[in-house]
Amino acid sequence: MGKIYNIAVIPGDGTGPEVIREGIKVLDATAPLFGFKLSYIYYDFGGERYLKTGEILPDNAISEFRKQDAIYLGAIGHPQVKPGILETGILLKTRFALDQYINLRPVKLYPNVETPLKDKTSEDIDFIVIRENTGGIYTGHGGATRIGTTEEIATQLMVYDRKTVDRCLKYAFELKKKRNQKSPKYADKPITLVHKRNVLLYCGDLWFRAFEEMGEKDYSDIKRDYNHVDAANMWFVKNPEWFDVVVTENLFGDIITDLGAMIQGGLGVAAGGNINPEGVSMFEPMGGSAPKYTGQNVINPMAAISAAMMMLDVLGETEASERIENAMVKVMQRMKSQSAGKMGFGTTEIGDMVAKEVTI
Ligand code: IPM
Ligand code: MN
């Protein structure tokens with residue numbers, strides 16, 4: 001009997017459920033072809049549930065997630081809920097509780113997908129950002145005093161320890177090693193550390209030394225490069241072809257991957273994985289809940305399908321994942337645009353088309 005993967009599905013808010021439905025459609029079309037099964041448990045966490053019950057993400061849900069093989073998340077964010085509550089209460093809580101210390105964000109421009117970068121093609125834009133996902137400013141260290149007075153003080157600390165840095169770098173180097181073996185076009189390029197070590201003397205130095213030491217000792221045949229984060233933003237736009245694997249700390253990774261999402265064709269296509277290589281990972285389209293498009297069948301499900309594709313890859317179903325990617329590429333070639341409402345097809349039609357291509 002084939003393998004069964006248990007997936008926790010959190011469709012979430014706004015257009016989340018619509019895009020997740022299409023992702024599941026594609027997964028279900030793919031699994032039987034490769035002799036495995038997917039079994040889903042749905043969770044209604046998100047803005048609606050919070051407004052009705054006050055509950056965000058109870059601890060027992062985390063315990064249930066631990067028993068699954070992966071989590072598939074749509075989008076979190078509700079216009080009637082104050083910003084921050086759901087983001088920290090659901091997304092960040094899950095990342096931290098399940099120690100999903102890698103945020104894997106491919107920046108890959110597929111053929112026929114429009115990029116705002118003039119003269120750049122899918123040949124030029126094909127890299128992956130490894131964003132450290134459990135440390136840095138996101139740890140919530142800091143505080144505020146004299147709140148509400150003119151003497152108010154607030155601090156928010158960037159916290160890193162060597163182990164957290166090392167495990168992230170190791171993942172990045174291992175990924176780079178794999179890509180180098182895949183193609184000389186990757187092997188010619190360096191792994192790039194992004195930080196701000198000209199100003200962040202302590203954290204920057206920790207990352208830089210750890211990067212150099214690990215590179216020198218265990219991956220001496222891999223080329224290394226370093227960019228300050230502000231310059232990296234500039235090069236992402238001007239020379240994206242320089243990059244292959246980019247590794248960086250949490251907040252910088254958050255910022256540069258929104259830029260990455262734009263140059264690969266926007267939030268309609270960009271997806272990410274919150275990975276615990278030894279545990280349960282969570283996959284999501286990078287876009288938000290896009291409330292204004294809810295229920296209109298105009299949102300692009302490609303990013304959610306791409307998240308599903310990444311999920312299969314991380315679960316070890318690499319061939320199935322590649323089949324989905326090829327199907328996506330074919331369907332993207334028929335689409336007019338990757339932006340909501342301009343695709344030339346509806347949300348469900350695109351899901352149908354990818355699901356069909358998978359089987360051909
Ligand atoms: C992301 C988001 C989150 C982050 C927010 C919603 C907490 O921007 O996944 O990039 O900052 O990590
Ligand atoms: Mn972000």
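Both ligands and their constituent atoms are indexed starting at 1 by order of listing. Positions are given from 1, in the same order as the sequence printed here. Just so it is clear, the model here is predicted, and its values are computed rather than measured.
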Item to check | Arg131, Arg95, Glu87: member with heavy atom nearest to atom 9 (O) of ligand 1 | outcome: Arg95
Item to check | Top protein contact for atom 11 (O) of ligand 1, by heavy-atom distance | outcome: Tyr138 OH, 2.6 Å
Checklist outcome for this item: If you scan protein heavy atoms around atom 5 (C) of ligand 1, the nearest is Leu91 CD2, 4.3 Å
Next on the checklist: Please determine whether a side-chain nitrogen of the Lys or Arg among Asp218 and Lys177 lies less than 4.0 Å from a carboxylate oxygen of the Asp or Glu.
Outcome noted: no
Checklist entry - In the protein, what heavy atom is nearest to atom 8 (O) of ligand 1, and what distance, to one decimal place, separates them? => result Asp254 OD1, 3.3 Å
Next on the checklist: For the Mn ion (ligand 2), give me the closest N/O/S atom belonging to Asp254, just the atom name.
Outcome noted: OD1
Next on the checklist: Determine whether the aromatic ring centres of residues His195 and Tyr226 are separated by less than 6.0 angstrom.
Outcome noted: no
Checklist entry - Does the ring center of Phe211 lie less than 6.0 Å from the ring center of Phe173? => result yes
Checklist outcome for this item: Closest to atom 1 (C) of ligand 1 among protein heavy atoms sits Arg105 NH2, 3.3 Å
Item to check | Check: Tyr43 ring centroid to Phe65 ring centroid under 6.0 Å | outcome: yes
Checklist entry - Hey, would you say the Phe236 and Phe127 ring centroids sit under 6.0 Å apart? => result yes
Checklist entry - Is the shortest side-chain N to carboxylate O distance from Asp99 to Arg167 below 4.0 Å? => result yes
Next on the checklist: Is it the case that ligand 1 has an N or O less than 3.5 angstrom from some N or O of Glu284?
Outcome noted: no
